[in-house]
There are 2 protein chains.
Amino acid sequence: MTIQQIKYFLELAKELHFWKTAEKVFISQSSLSRQIQALEDEVGIQLFERDKRNVKLTDAGKFLQEHWTEKINEFEQILRQAKKIDAGNSGTVSITYPGSITFEFLPNFLKILNTNLPELKLELTEPTDENHEKLLLDYRTDIAFSRDKIENANIDSLKLYSEPICLVVPNNHWIKEKSLHSIAELKNEKFIISGLHQTTFFASMLRSLFDKYGFEPITTVESDFGGMILNLVAKEIGISILPLSFKTAKVENLRFIKLDEKIDLYVNWRKDELNKTIRKVVEYAKFTERK
Amino acid sequence: MTIQQIKYFLELAKELHFWKTAEKVFISQSSLSRQIQALEDEVGIQLFERDKRNVKLTDAGKFLQEHWTEKINEFEQILRQAKKIDAGNSGTVSITYPGSITFEFLPNFLKILNTNLPELKLELTEPTDENHEKLLLDYRTDIAFSRDKIENANIDSLKLYSEPICLVVPNNHWIKEKSLHSIAELKNEKFIISGLHQTTFFASMLRSLFDKYGFEPITTVESDFGGMILNLVAKEIGISILPLSFKTAKVENLRFIKLDEKIDLYVNWRKDELNKTIRKVVEYAKFTERK
DNA sequence: ATTAACTAATGCGAAAATTGCATTACTTAT
DNA sequence: ATAAGTAATGCAATTTTCGCATTAGTTAAT
């Protein structure tokens, strides 16, 4: 049984047509036909029902399509990771991060990496599905920055720093630094909020903040990209709540008013990491200058 | 890349000796040597460091040993499951269950299955590691009976019945049915308990029961096999606490005194189960006569 | 220092598997 | 009745794999 055969099977299971599939996988129709037969013989399971005209999956075939697709992906992910380990110091390190560190922490961190490990290649992703735990354990990322601590026996998680979250308003806004006693006073303001319906830690923190003061914010615009939000606030479309580090973006016509709540930044990596480069990069994260 | 090659790799990674490995996997040393080379070439990763005398795994090799072992096992499990689906009604269904249903529910259930699906083969296991959830999702079992409800989006869980748990004492024991007001009165009794240190649901229930009455039971014997416990109690070695259904074991010289606590029995199966036989078996479980 | 024992790699010819072409066998649409 | 479509198969050429025998290097013993 060959990995290649399984891939042929998966393609055919999608196409359900020998000629088209054969073309897609760059072999002849006869060869494909025989590869599939060989696979069926070897596993002892009929995968397709075919008459001279039609091809369709059997129940067992459907089952295998679903599960083999998953396993093949995992296989390839594992192989990629092994290649990184094999390549040693000159390899690639994958990093995922929350958008809110784009303006301050991340540039500092990348500068340090670039100075100390100039050979290093980086793969930066801002994941929409913020399941850091799974991303790490599936080897889809090597280092995950997150706003919440990950509690998992196979993951090391270290708090790097805390920063206040701030009300972000245009310069001429009626609220003054000292005049704000409770954010309940803001119940008539229009808010521009980053994905309040999403499952990110920051979003759930915001939800509980508004809950605490017993009101649902009026949101006119939602955007996941922090830089966009800053510009919208500067243009007086509404006000927002963001971590303090957005201040470094230096957008004009903005004031940041610190709230009592704080938000943390954690760095997370696999506890049993063999790749020495990744371990080094984690060390540099720990020593990156922070607020 | 062949599944077979990966298996050769895994064996060699354990043995670290070409000749011995070759013998174990029934090919010649030269063939093994070339298969490993072919694998290394194809994935583009050096798996072993070898001089003329020694073989050892590289870091990448160690990594792949660990993860490939896992994936190969998953692959085989998936294949077994696909075979069951392919085999249809005459297939095999794997069932795991807690020992406490050995005497009443399980025999009734098996009787019904045998009457209605005489072709069916069953694989019964009483798992020591009671992680029903993982057993189901990894296809290591098809139907799991459990004492606690499984909360998982991919698993259907249905309560079949509740039964009281009972104090089990020898006939001549001083406690009478009516005279027991609190089990705290039993703090000087010797208990024979099924794996109190284990992680099963029943064990944790017992622990919290004793906690509630503020004493640690004196346990002289621990045994996981309920039948054994019954016999020990009958021989007046000590007393025990077990679900009522053990009464059907009809061991002589025993009295069962009902306590207030109840324990449930659930049947659990994969929500998306394609195998029609498994679905049928679940139906029969639902209609098995119960206390 | 010399020899013996080990062990992984490799040259080589035989055997087996795979490939694509051309063809067959059957179905469906016109 | 005919044409178009599609999966399987016979066949010869090519490629891969296999095990034997041998090589080349290492370690241990004398």
Side-chain angles (χ1 to χ4, degrees), chain A residues 1-62 64-65 68 72 75 79 82 86, chain B residues 1-62 64-65 68 72 75 79 82 86:
Chain A
M1 190 168 28
T2 309
I3 302 287
Q4 195 54 246
Q5 282 176 333
I6 295 177
K7 288 185 184 167
Y8 291 158
F9 161 77
L10 291 176
E11 193 58 38
L12 181 59
K14 267 199 284 185
E15 290 283 341
L16 294 177
H17 194 290
F18 276 75
W19 284 12
K20 286 184 201 160
T21 306
E23 207 165 281
K24 273 210 174 175
V25 300
F26 305 109
I27 55 171
S28 69
Q29 174 266 321
S30 74
S31 191
L32 177 64
S33 173
R34 272 188 270 242
Q35 291 285 347
I36 298 293
Q37 283 173 38
L39 183 61
E40 283 181 321
D41 276 5
E42 187 170 351
V43 300
I45 298 173
Q46 202 189 336
L47 302 174
F48 298 96
E49 279 166 28
R50 34 247 220 242
D51 52 36
K52 294 282 154 174
R53 194 82 183 174
N54 294 299
V55 182
K56 59 189 271 264
L57 280 165
T58 60
D59 279 353
K62 273 181 216 155
L64 285 177
Q65 178 187 28
W68 272 350
I72 288 285
F75 246 93
L79 214 49
D86 187 56
Chain B
M1 188 167 29
T2 309
I3 303 287
Q4 194 54 247
Q5 283 176 333
I6 295 177
K7 288 185 185 166
Y8 291 158
F9 162 76
L10 291 177
E11 193 57 39
L12 181 59
K14 267 198 284 184
E15 290 283 341
L16 296 178
H17 193 290
F18 276 75
W19 282 12
K20 286 184 201 160
T21 306
E23 207 164 284
K24 274 209 173 176
V25 299
F26 305 109
I27 56 170
S28 69
Q29 174 266 321
S30 74
S31 192
L32 177 63
S33 172
R34 271 187 270 241
Q35 290 285 349
I36 297 293
Q37 283 173 38
L39 184 61
E40 284 182 321
D41 276 4
E42 188 171 349
V43 300
I45 298 173
Q46 202 189 338
L47 302 174
F48 296 97
E49 280 166 27
R50 36 250 220 240
D51 51 37
K52 293 282 154 173
R53 193 83 184 173
N54 294 298
V55 182
K56 60 191 271 263
L57 281 163
T58 60
D59 278 352
K62 273 181 216 155
L64 285 177
Q65 178 187 28
W68 271 348
I72 288 285
F75 247 94
L79 214 48
D86 187 57

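Letters go in sequence order (proteins before strands), and every chain restarts at 1. These numbers come from a predicted model, not from an experiment.
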_Any donor-acceptor pair under 3.5 Å from B:Glu42 side chain to B:Met1 backbone_ = yes
*Starting at the 5' end of DNA chain C and moving along, which residue's nearest nucleotide shows up first, A:Tyr8 or B:Lys20?*
B:Lys20
*Round to a whole Å and report the spacing from CD1 of A:Ile36 to P of D:dT6.*
17 Å
*To the nearest Å, give me how far apart CD (A:Glu49) and P (D:dA8) are.*
13 Å
_I want to confirm an ordering. Mapping B:Thr2 and A:His17 to their closest nucleotides on DNA chain D, which one lands closer to the 5' end?_
A:His17
*Remember a base hit wins even if backbone is also touched, and classify A:Gln35 as base, sugar-phosphate or nothing at under 4.0 Å, heavy atoms.*
sugar-phosphate
*Answer with yes or no whether the side chains of A:Gln35 and A:Ser31 bring together a donor and an acceptor at under 3.5 Å.*
no
*Side-chain donor/acceptor of B:Glu40 to backbone N/O of B:Leu47, under 3.5 Å*: yes
_Heavy atoms from C-beta onward define the side chain here; which of C:dA8, D:dA7, D:dG19 lies closest to that of A:Arg50?_
D:dA7
*asked:* Check the phosphate of C:dG20 against A:Ser31, side-chain N and O only, distance under 4.0 Å to OP1 or OP2. Yes or no?
replied: yes
_Contact under 4.0 Å: B:Gln37 side-chain N or O vs C:dA8 OP1/OP2_ = no
*Any side-chain donor-acceptor pair under 3.5 Å between B:Gln37 and B:Ser33?*
yes
*Could you give me the CA-CA distance, side-chain angles and deciding distance for B:Glu15 and B:Lys20, then say whether salt bridge (charged side-chain N to carboxylate O under 4.0 Å, His left out) is met?*
CA-CA 7 Å; B:Glu15 290 283 341; B:Lys20 286 184 201 160; 5.2 Å; no
*Side chain of B:Ser30 - closest among D:dA7, D:dC20, C:dT19*: D:dC20
*Separation of atom CG in B:Leu39 from atom P in D:dT17, rounded to whole Å*: 12 Å
*Interatomic distance where CE belongs to B:Met1 and C1' belongs to D:dT16 [whole Å]*: 17 Å
*asked:* In this structure, how many angstroms lie between the C1' atom of D:dC18 and the CD atom of B:Gln4, rounded?
replied: 14 Å
*Whole-Å distance separating the CH2 atom of B:Trp19 from the C1' atom of D:dG19*: 14 Å
*asked:* Checking contacts here: which listed nucleotide (D:dA7, C:dT19, C:dT10) is nearest the side-chain heavy atoms of A:Phe18?
replied: D:dA7
*Specify the separation, in whole Å, of atom CZ of A:Phe48 and atom P of D:dA7.*
11 Å
_A:Arg34 side-chain proximity, nearest of D:dA8, D:dG19, C:dT19_ = C:dT19
*Taking the side chain of A:Ser28 as its heavy atoms from C-beta onward, which of C:dT19, C:dG20, D:dT9 lies nearest to it?*
C:dG20
*Nearest-Å distance, CD (A:Glu15) to P (D:dA7)?*
11 Å
